[in-house]
Structure formats: C-alpha cells, structure tokens
Amino acid sequence: MKRNNFSTVNKVVHSSPAVKQPKRGLCTSLRQTQMLSALLDWGTLPHHVILRIFQYLPLVDRARASSVCRSWNEVFHIPDLWRKFEFELNQSATSYFKSTHPDLIQQIIKKHAAHLQYVSFKSHFVSALTVVFVNSKSLSSIKIEDTPVDDPSLKILVANNSDTLRLLKMSSCPHVSSDGILCVADHCQGLRELALNYYILSDELLLALSSETHVNLEHLRIDVVSENPGQIKFHSIKKPSWDALVKHSPGVNVVMYFFLYEEEFDTFFKEETPVTHLYFGRSVSRTILGRIGLNCPRLIELVVCANGLQPLDSELIRIAEHCKNLTALGLSECEVSCSAFVEFVRLCGRRLTQLSLMEEVLVPDDRYTPDEVHTEVSKHLGRVWFPDVMPVW
C-alpha cells in the first residue's frame, strides 16, 4: 500500500508541470499583448510615417487628426505635407455637413500657402483661390475645375509665381478670357503643360508660347465642348500660329477632346493641324475623318466613340497612308468592312501598339469574316490580336 501511495505521489509530482503550463502560456500571452499595445500606440509612430498617412487624408480629416495628440499636430504643420494638395470646396448636394467649411480653408491657406507647389482647386469660393495666389510664391502645378476664377485672379497668380509655374490646367472656368490666359503665357516662361477650353485658345496665345524666351511646351490639351447643339460657332486657328508652335516646340503633344454634334465640326481640320491625340466623345462624320487623314500628319492616337451607319473604309485607309506616326486606334459604335480593316493594319504594320475595337464594328465581306480577321491582323501586327467582345451578363 505504501509503495502504491508513493507511486501515486510521484505521479502527482511529475504531472504538476503539465498542470502549471497554462500559467506560463498566460504570461506569454500577456507579454505579447503588451508588445502589441506598444506597436499600436500610433502616437509613437515616426513623423515620416504619420506624414505619409496624412498625405492620403482629405483636408477636414487632416484637421481632425491633428487634434489627437501633440505628435500628430506637429506633423500637421510640417511644410512637406502642404506641397501637394487638392482643395475641394463644393458644398455637398446631400448634406451641408459633408462640405468643407470656407473658414478652415482660409486658415490652412494663410498658414501654408508659402509651401504649396501642386494645387488642385474645385470650388465655388473664388476668395479662397485668391488667397492661395496672393500668399504662394512657389506654385509649380495648378489644376482649376468648376471655379469662378477670372482674369484678375490669374494676374495675381502670375505676379507671385511666374518663375515657378510649370503646369496649368483649367476646365469649366467661364470667367477666364483669352486675354487672361495670354497673360499667363507671356509671363510664365517656364510653363511646360497647359490644358484649357478651346474658347480661350487664340493665335496670340500660340505665338506667345512660341516666343524665344519661352521654354519648349511639352503638352497642350484642348477641350472642345458644346452644351447646346448649333448654338456655338467656333473660331478657327490659323495655320501659321500652329506652325510657329511646332517649330518652337517640335516634341509638343497637342491633345484634343471633342464633345460636339456633327453640325458643329465645320471649323476644324480644314487646314493642317499639328494634333497628336484625338478623342471624339460623340458621333463624328466621315467628312471630318477624311480631313483628319489629309491634315493631321502628326497624329499618334485616334479614338472614335461613334459614327453613322456608313462604313469608314476609305477614311481609315487614308489615315493609315498619311498619318505615319499613328500607333493607337480605338473604334466603337462604327462600321468597317473586314477587308478595309485588314488593309488598314497592313499599312500601319507593327507600329500599331494599341488597337481596340468592338467585334460588332467589323462587317463581313467577300474576303473575310470577323472570325477570320484576327488571323490576318495578328500576322501584320506580329502578335496575337482579337477584337473586343461585349460581355453578356
């Protein structure tokens, strides 16, 4: 009996570590929790990490985050945070509380305008934009959209940032005239990229951008937009003005976006136009596409979203023959015979790096069916190619 009792005690002693094991696991778990808590203490994060996080936050969220702790508030006032920023001041259509209060904008701008370099504005408060122009001295990139900026505001911009401004994009700014944008071109000799509506494009502006003191322009984007069909008669730009621009800046990309009705195209492409990228958001006639084949020798990319019911055979072949720099084509809601399309690709050859069209665009003829086209096109391109197919849900 005693031996049996002794062995039972032995078993208890030997098994005791197994009984205490959960306590050791609990201690380990506590240590891990403490380490995790330290890692999750956002207030101890390095400033450069918090800075990267703040750069992704909208203005209101930045302001709120700055009140969390002293460290975050210090990051909020680092100049690097304000090099690039988008001020979207439109009042929300659903709730006033979702909009950014103008007073907050004013406070931020007055404190950090001197550090701003890349600014995007979408606002109905032109006063906030003026404050930026008045206080900033080193703006290099400005995008203004749906903002009532006017010529006097642009003059303030020029006065303070003429030495640093490199990029200016404006859309839906009806209060800016051709004289206002001409002032920018005259004084901002380092301007390399410009985006504007066609109504403020002028011969004088192109000549100003072509002056000997102006740097080579790299990118000129022009939006040609009509809200009311037949209500707007577009002015024409003279060929010598375009020639002066290309002579001064031979590598400039001239990008034109058209959102017109067919009857409003009469002004365009009657003479040689140095456009490199053409995008038609609405239906465009065969006549205009024929002009492009004759008068756009610098064309690199062409996208046609819609056309009438007549095939674009001769127009496409003319473009392939005369536009020797063409590398990209996109067609949708158009019609092209299979033979004409294969001939177009043959003429362009392997320089066509992007070729996109819907399968419905191809019209079968006596030489090819749409199913056979991809074989011929792939042969001329030197790579496998198939037309795009509309998914069936």
Side-chain angles (χ1 to χ4, degrees), residues 195-203 206 220-243 245-246 252-337 339-341 343-345 347-348 352 354-358 360-363:
L196 70 167
N197 196 288
Y198 184 82
Y199 78 89
I200 54 178
L201 182 70
S202 65
D203 293 290
L206 292 180
L220 175 62
R221 168 173 169 161
I222 305 162
D223 293 335
V224 191
V225 182
S226 172
E227 298 296 338
N228 301 311
Q231 298 298 312
I232 299 178
K233 182 174 177 60
F234 292 91
H235 64 282
S236 60
I237 301 297
K238 298 177 182 177
K239 183 177 181 297
S241 303
W242 284 121
D243 291 344
L245 177 67
V246 174
V252 62
N253 286 320
V254 180
V255 183
M256 299 186 74
Y257 284 81
F258 282 88
F259 297 91
L260 302 182
Y261 297 93
E262 285 193 18
E263 62 271 18
E264 296 173 324
F265 277 100
D266 184 61
T267 302
F268 300 97
F269 308 117
K270 289 184 175 180
E271 294 184 313
E272 187 171 301
T273 307
V275 62
T276 55
H277 298 71
L278 265 177
Y279 305 97
F280 294 99
R282 292 176 182 162
S283 181
V284 58
S285 67
R286 293 179 60 193
T287 301
I288 297 301
L289 292 174
R291 292 182 192 174
I292 291 170
L294 293 176
N295 295 321
C296 299
R298 299 180 76 241
L299 189 63
I300 296 174
E301 185 167 318
L302 174 64
V303 175
V304 180
C305 291
N307 180 259
L309 299 177
Q310 295 178 317
L312 302 177
D313 295 2
S314 59
E315 289 74 22
L316 273 185
I317 292 175
R318 183 180 297 171
I319 289 172
E321 291 173 340
H322 293 87
C323 302
K324 300 298 184 181
N325 298 313
L326 187 71
T327 61
L329 175 72
L331 297 177
S332 176
E333 297 186 28
C334 308
E335 286 192 357
V336 181
S337 71
S339 296
F341 181 67
E343 178 64 11
F344 167 82
V345 176
L347 291 170
C348 292
L352 276 178
Q354 298 181 55
L355 183 60
S356 175
L357 81 162
M358 300 303 298
E360 294 77 10
V361 170
L362 296 173
V363 179

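This one's a predicted model, so the numbers in the text were calculated from it and none came from an experiment.
- Using cut-offs of 30° and 60° on the angle between ring planes, the pair F258 and F269 is tilted.
- Using a 4.5 Å heavy-atom threshold, the side chains of N295 and K270 count as separate.
- Scanning all heavy atoms of the two residues, the minimum distance from S236 to Y198 falls at CA-OH, 3.8 Å.
- One distance of note links NZ of K239 with CD of E272; it measures 5.0 Å at 0.5 Å rounding.
- Nearest heavy-atom pair, M358 versus S332, reported as atom, atom and distance to 0.1 Å: CG-OG, 4.3 Å.
- Inter-residue side-chain proximity for D223 and F259 is flagged as unmet; no heavy-atom pair is nearer than 4.5 Å.
- Listed for the H322 side chain is no donor-acceptor partner under 3.5 Å among the backbone atoms of I292.
- A side-chain contact (heavy atoms from CB on, under 4.5 Å) with L316 holds for exactly one of L289, L331, V345, L347; it is L331.
- Checking side-chain atoms of Y199 against main-chain N and O of V225 turns up no donor-acceptor pair under 3.5 Å.
- Proximity of F344 to L312: side-chain heavy atoms (C-beta onward) are nowhere separated by under 4.5 Å.
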task: Decide yes or no on side chain to side chain contact (heavy atoms under 4.5 Å, CB included) for F341 and L355, but give the supporting numbers first.
output: CA-CA 11 Å; F341 181 67; L355 183 60; 3.7 Å; yes
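- One distance of note links CG of D243 with NZ of K238; it measures 13.0 Å at 0.5 Å rounding.
- Shown here for I317 and A340, the closest heavy-atom pair between the two residues is CG1-O, 4.2 Å.
- For the atom pair L302 CG and C323 SG, the distance stands at 8.0 Å (nearest 0.5 Å).
- Separating the CG atom in L278 from the CG atom in L299 is a distance of 5.5 Å, to the nearest 0.5 Å.
- Between the S241 side chain and the L206 main chain, no donor and acceptor come within less than 3.5 Å of each other.
- Within the 3.5 Å criterion, the main-chain N or O of E271 finds a donor-acceptor partner in the side chain of T273.
- Between F268 and F265, the ring planes are perpendicular. Angles over 60° get that label, and only those under 30° would be called parallel.
- In this structure, CD1 in I300 is found 6.0 Å from CG in N325, a value given to the nearest 0.5 Å.
- With respect to the salt-bridge test (charged N to carboxylate O, under 4.0 angstrom), the residues D313 and R286 do not qualify.
- In terms of heavy-atom proximity, S226 sits nearest to E264 at OG-OE2, 2.8 Å.
- Checked against R298 for a side-chain contact (heavy atoms from CB on, under 4.5 Å), the options N253, V275, V254 give a single hit: V254.
- Rounded to the nearest 0.5 Å, atoms CG (D266) and CD1 (I288) are 7.0 Å apart.
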- request: Report the C-alpha separation of E262 and S285 in whole Å, then their side-chain angles, then the decisive distance to 0.1 Å, and conclude whether the side chain to side chain donor-acceptor pair (under 3.5 Å) test is met.
  value: CA-CA 6 Å; E262 285 193 18; S285 67; 4.9 Å; no
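- Here the shortest heavy-atom pairing between L220 and V252 reads N-CG2, 4.3 Å.
- When all heavy atoms of C305 and E333 are compared, the closest pair comes out as O-CB, 3.5 Å.
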